[in-house]
Amino acid sequence: MADLITLLIVDDHPVVRDGLRGMFRSDPCFEVLGEAADGVEALALVERLDPDVVLMDLRMPGGGGVDAIAELGRRGARARVLVLTTYDTDSDTLPAIEAGATGYLLKDAPRDDLFTAVRAAAQGRTVLSPAVASRLVSRVRAPGNEPLSTREREVLALVAKGTSNRAIAVELFISEATVKTHLTHIYGKLGVKDRAAAVATAYSRGILG
């Protein structure tokens with residue numbers, strides 16, 4: 001199947017892993033390649049199995065999620081990491097995003113939202129729960145003096161919905177290169193380096209809400 005998305009589930013609770021595996025096996029668009037109980041095991045399995053998306057818990061005995069996310073980045077792993085955790089505190093969310101997570105959801109997210117998030121993550125698109133983003137308010141840098149333009153706000157709102165650059169270009173009747181230019185300006189004004197951080201910062205500052 002051309003659109004098949006392969007997954008690695010990383011969580012220290014067997015019941016959670018079983019539940020997620022059953023959920024994704026119910027949809028032929030997904031294939032669970034393996035499971036890991038901590039970050040160290042996850043690194044080894046990513047290297048061996050090469051999944052499209054890693055569903056990563058954060059707090060696990062034997063190796064936490066943030067360290068594993070950062071190490072995957074250093075290794076140049078192809079897999080996108082979607083954090084799926086019960087923790088939405090400031091000390092959990094921002095480090096995970098800064099480490100390179102593509103998205104961040106809480107475990108109480110509805111099944112359809114989780115499936116949508118995995119599909120978006122597989123395409124490299126940011127998925128960030130507004131509830132999680134709001135927790136970052138005390139951790140983000142002070143806002144810059146230069147406000148976003150109307151078009152930049154439009155672009156950022158579409159990014160927050162997980163829209164790809166190509167789809168944003170079509171919706172706003174502009175070129176994909178122009179979308180990338182707007183994103184560069186947005187990153188500069190918000191003091192961030194990527195889409196996930198831009199969305200998180202925008203929610204925390206009330207630019208998106």
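Salt bridge annotation for Lys107-Asp57: present, with a cationic side-chain nitrogen under 4.0 angstrom from a carboxylate oxygen. Of the charged side-chain nitrogens involved, at least one lies within less than 4.0 Å of a carboxylate oxygen, so that Arg78 and Asp50 count as a salt-bridged pair. The residues Lys189 and Glu152 are annotated as salt-bridged, a charged nitrogen and a carboxylate oxygen being separated by less than 4.0 angstrom. Between Asp11 and Arg21 there is no salt bridge, since none of the side-chain N atoms of the basic residue sits less than 4.0 Å from a carboxylate O of the acidic one.
For the pair Met60 and His13, the minimum side-chain heavy-atom distance is 4.5 Å or more. Residues Ile97 and Leu128 have side chains in contact (heavy-atom distance under 4.5 Å, counting atoms from C-beta outward). No side-chain heavy atom of Leu7 sits under 4.5 Å from any side-chain heavy atom of Pro51. Proximity of Val66 to Glu98: side-chain heavy atoms (C-beta onward) are nowhere separated by under 4.5 Å. Counting heavy atoms from C-beta outward, Val83 and Leu105 have side chains that stay 4.5 Å or more apart. Side-chain contact between Asn165 and Lys180 is present, with heavy atoms from C-beta onward closer than 4.5 Å. When side chains are defined from C-beta on, Leu172 counts as touching Val155, because their heavy atoms get closer than 4.5 Å. Put simply, the side chain of Phe24 does not reach to within 4.5 Å of the side chain of Glu31, judged on heavy atoms.
The salt bridge (Lys or Arg N to Asp or Glu O under 4.0 Å) test applied to Arg75 returns Glu47, Glu71, not counting sequence neighbours. Taking the salt bridge (Lys or Arg N to Asp or Glu O under 4.0 Å) definition, one finds that Glu41 meets it with nothing, sequence neighbours left out. Annotation: side-chain contact (heavy atoms from CB on, under 4.5 Å) contacts of Ser175 (sequence neighbours excluded): Ala177, Thr178.
Arg119 pairs in a salt bridge (Lys or Arg N to Asp or Glu O under 4.0 Å) with only one of the listed residues (Asp27, Asp52, Asp3), which is Asp27.
Under the 4.5 Å side-chain heavy-atom criterion for ILVMFWY residues, no single connected hydrophobic cluster contains both Val40 and Val10.
Residue Thr201 holds its OG1 atom at 11.5 Å from CD1 of Ile186, rounded to the nearest 0.5 Å. The CG atom of Leu148 sits 5.0 Å away from the CG atom of Leu190 when rounded to the nearest 0.5 Å. To the nearest 0.5 Å, the span separating CG on Leu84 from CG on Leu106 amounts to 8.0 Å. Atom OG1 of Thr181 sits about 11.0 Å away from atom CD of Glu176, to the nearest 0.5 Å. Rounded to the nearest 0.5 Å, atoms OG1 (Thr163) and CG (Leu158) are 4.5 Å apart. Rounding to the nearest 0.5 Å gives a distance of 10.5 Å between CD1 of Ile168 and NZ of Lys161.
The aromatic rings of Phe115 and Phe30 sit tilted, their planes meeting at an angle between 30° and 60°.
Scanning both residues, Ala96 and Leu58, for their nearest heavy atoms gives CB-CD2, 4.1 Å. Closest heavy-atom contact between Thr85 and Tyr104: CG2-OH, 3.4 Å.
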Run the side-chain hydrogen bond (donor to acceptor under 3.5 Å, both in side chains) check on Ser26 and Arg111 step by step: do they pass?
-> CA-CA 11 Å; Ser26 70; Arg111 166 183 158 148; 3.2 Å; yes

